[in-house]
Amino acid sequence: MINLLPFKNEPFTDFTDERNAQAMQQALENVEAQLGRDYPLIIGGQRVESGMLHTSVNPSKFTQVIGRVHHATREHADQAIAAAWKAFATWQHVPAEQRANYLHKACALMRRRKNEFNAWLVLEVGKSWAEAEADTAEAIDFMEFYARQAVRYAEPQPLTTTPLPFETNELKYIPLGVGIVIPPWNFPLAILAGMAAAAVATGNTVILKPSDDSPVIAAKFMELMEEVSLPPGVMNFLPGDGPTVGEYMVEHPKTRFISFTGSMAVGLRINELAAKPREGQIWIKRVVAEMGGKDTIVVDETADLDEAAAGIVASAFGYSGQKCSACSRAVIVESVYDQVIEKVRERASKLSVGPAKDFGNFTGPVSSQRSYEKVNKYIEIGKTEGRVVLGGGRHELADEGWFVPPTVIADVAPKARLAQEEIFGPVLAIVKAKDVDDALSIANNTIYGLTGAFYSSDRERIERAKRDFHVGNLYINRKCTGALVDVHPFGGFNMSGTDSKAGGRDYLGLFLQAKSIAEKL
Ligand code: NAD
């Protein structure tokens, strides 16, 4: 039994300290010297080259190749699933403390090499230094937290206080089997590490299929798993096309569960495909799907308007609005509407957007050509649905990277597309509400329910918002992004997903099944 200190969130590095900035600069140079390499599949501990190479580029400078990953075929998927089942035969019986120990070791290594992971995040997905640091710190938090929780789930579980006189009774949590882990590109380290760590800490084995926009960071995570000597086959690495190899694994009769984070469209598709039993399948697949949002910040006339504007700008434009929790709508009551818009415009107009590796830039590009086109399409829609208060034009570096200037569109109708659909870019829609009741009803008028924030100084209204604002993660008088592991268990309502509450005490239950055993005395 290892003696551990209580869980504590990983502190963020302060890059305004010159020594820290220099260390990060050095890490960027070291990582840049490693760009352009090829990364194989990893199946049952063996490196496999398919020869079908997928190239990942720097969104701040799309001529720069970050690396190339070998893409898997369906045959590779069959092999990976078989390797994972083979490893499961022993891994499921490894004591929880031992399994947890692999993750503790991985955390120790990642802590020492934080800047290296940060640098990969800056270069492959265009995170600013601060956002990269938050991603790496969250990856560490997830691994540390789930390692501890896995040990708790393995302890004897409480049952009745009035046992039957002629029986002993116990309840044990046992793993499910082989799972497919499908993360998004926007938290390519934290969410990937979190979903994979939760699965293996609880005794499952997995196939990790990274996003095509962030496969090199995923490969770096796999290298870390190899460094801590995670047994072969426990975590298999299978980059590949989502709709082909991803779906094939979702439909596979030997897949026991799917742990997905990504868009609503893909999540619903996975849920539908997984629901249908296939030839030879002997279980109902479990699907955990955390999906998109249309996250709203409500501001009433009693709120501290400067604080509210700061919260809106940070939530809407941090990482260029590419967080599932990003504020993409501000709903403001009429009497302070113009004032808040002006404060938001003023703050947002000062944000510098440019290459993510330059520390001076508040935010970098959007992640891909696909995102760039989608965001610009919504900006055009916004021009017809509202009044452009800021942005809406082309960024001066748009020929080099997928940069989009912060864009604010006011006077958007509550049911307009800009107020209803997830954009996933630096575009904020502002909606006018008659009063606080109207504002709360607008806040609840989408199909989503992920995060939201409510700015007010009126106690009765705050209590009403706590009761009526229907989102999985509600914040009062603060921004709606920045959930911390163990502090803000994360997951959404409605079409935002299965409300798994990642980073919370109940999360690991999703990777386990309970076995009740009664023995007659
Ligand atoms: P996406 O749905 O396009 O892709 C997610 C993953 O699914 C990728 O690995 C992709 O390769 C894979 N995939 C795509 N099609 C597939 C298919 N048919 N079958 C199996 N796998 C398939 O999402 P994205 O663009 O990577 O990420 C952005 C989305 O993720 C946004 O909607 C955002 O809100 C959401 N997100 C949600 C949370 C949350 O916790 N709720 C967190 C982060 C991101």
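As the structure lists them, so they are numbered: ligands from 1, and atoms in each ligand from 1. Fair warning: this is a prediction, and the values are worked out from it, not measured in the lab. Basis for what follows: all heavy atoms, side chains included, without hydrogens, waters or symmetry-related copies.
Considering Leu273, Thr255, Ile270 as possible partners of Lys285, the one that fulfils the side chain to side chain contact (heavy atoms under 4.5 Å, CB included) test is Thr255. Only one option out of Leu484, Ile140, Thr136 pairs with Glu10 in a side chain to side chain contact (heavy atoms under 4.5 Å, CB included); it is Ile140.
Taking the side chain to side chain contact (heavy atoms under 4.5 Å, CB included) definition, one finds that Phe7 meets it with Asn9, Asp141, Glu144, Phe145, Arg148, Val485, Asp486, sequence neighbours left out.
Close N/O approach between Asp212 and ligand 1 is not found [any backbone or side-chain N/O within under 3.5 Å]. Residue-to-ligand polar distances place Trp185 within reach of ligand 1: an N/O pair is separated by less than 3.5 Å. Taking distance alone, with nitrogen or oxygen atoms compared against 3.5 Å, Asn186 stays at or beyond that limit from ligand 1.
Centroid-to-centroid, the aromatic rings of Tyr102 and Trp91 come within less than 6.0 Å. Between Phe317 and Phe362, a ring centre-to-centre spacing not shorter than 6.0 Å is recorded. Annotation: Trp120 is not in aromatic contact with Phe117 [ring centroid separation under 6.0 Å not met].
Counting protein heavy atoms under 4.0 angstrom from atom 4 (O) of ligand 1 gives zero.
The closest approach between Pro243 and ligand 1 falls below 4.0 Å for a heavy atom of the residue. For the ligand labelled ligand 1, residue Phe490 lies inside the 4.0 Å heavy-atom shell. Taking 4.0 Å as the cut-off, Pro183 counts as a neighbour of ligand 1 on heavy-atom distance.
The 12-atom threshold is exceeded at CZ of Arg478, counting heavy atoms of other residues, nucleotides or ligands nearer than 6.0 Å. Environment of CG in Leu268: crowded, with over 12 heavy atoms of neighbouring residues, nucleotides or ligands closer than 6.0 Å.
Taking a cut-off of under 4.0 Å to the non-hydrogen atoms of Phe260, the atoms of ligand 1 that pass are 2 (O), 5 (C), 6 (C), 7 (O). Remark: ligand 1 atoms within the under-4.0 Å shell around heavy atoms of Pro210 are 9 (O). Taking a cut-off of under 4.0 Å to the non-hydrogen atoms of Leu450, the atoms of ligand 1 that pass are 41 (N). Listed by number with element, the atoms of ligand 1 under 4.0 angstrom from any heavy atom of Thr261 are 5 (C), 37 (C), 38 (C), 39 (C), 40 (O), 42 (C), 43 (C). Close contacts between ligand 1 and Ile191 involve ligand atoms 42 (C), 43 (C) [criterion: under 4.0 Å to a heavy atom].
Scanning all protein heavy atoms for the shortest distance to atom 18 (N) of ligand 1 gives Glu247 OE2, 2.8 Å. What sits closest to atom 12 (C) of ligand 1 on the protein, heavy atoms only, is Ile182 CG2, 3.5 Å. Distance from atom 36 (N) of ligand 1 to its nearest protein heavy atom, with residue and atom name: Cys324 CB, 3.5 Å. Ranking protein heavy atoms by distance to atom 23 (O) of ligand 1, first place goes to Ser263 N, 3.4 Å. In terms of protein heavy-atom proximity, atom 37 (C) of ligand 1 is closest to Met291 O, 3.1 Å. Looking from atom 27 (O) of ligand 1 to the surrounding protein, the closest heavy atom is Pro184 CB, 3.3 Å. Among protein heavy atoms, the minimum distance from atom 28 (C) of ligand 1 is reached at Phe424 CE2, 3.6 Å.
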Lys377 and Glu380: CA distance, side-chain angles, deciding distance, salt bridge (charged side-chain N to carboxylate O under 4.0 Å, His left out) verdict: CA-CA 5 Å; Lys377 184 192 86 182; Glu380 291 313 309; over 6 Å; no

Quiz: residues 467-474 side-chain donor-acceptor pairs under 3.5 angstrom, not counting sequence neighbours:
residue : atom : partner : partner atom : Å
Asn473  : OD1  : Gly491  : N            : 3.1
Asn473  : ND2  : Pro489  : O            : 3.0

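Ring-plane geometry between Tyr146 and Phe142 is classed as parallel, the angle between the planes falling under 30 degrees on a 0 to 90 degree scale with a further cut at 60.
Looking only at atom types and distance, the side chain of Arg152 has a donor-acceptor partner in the side chain of Gln149 under 3.5 Å away.
Relative to atom 10 (C) of ligand 1, the option among Glu422, Lys323, Glu290, Lys209 with the closest non-hydrogen atom is Lys209. The residue among Gly194, Ser368, Ala274, Gly262 with a heavy atom at the shortest distance from atom 29 (C) of ligand 1 is Gly262. Comparing Asp213, Val266, Asn473 by heavy-atom distance to atom 14 (C) of ligand 1, the nearest is Val266.
A cation-pi arrangement is present between Lys127 and Tyr319 under the rule of less than 6.0 angstrom and at most 45 degrees off the ring axis.
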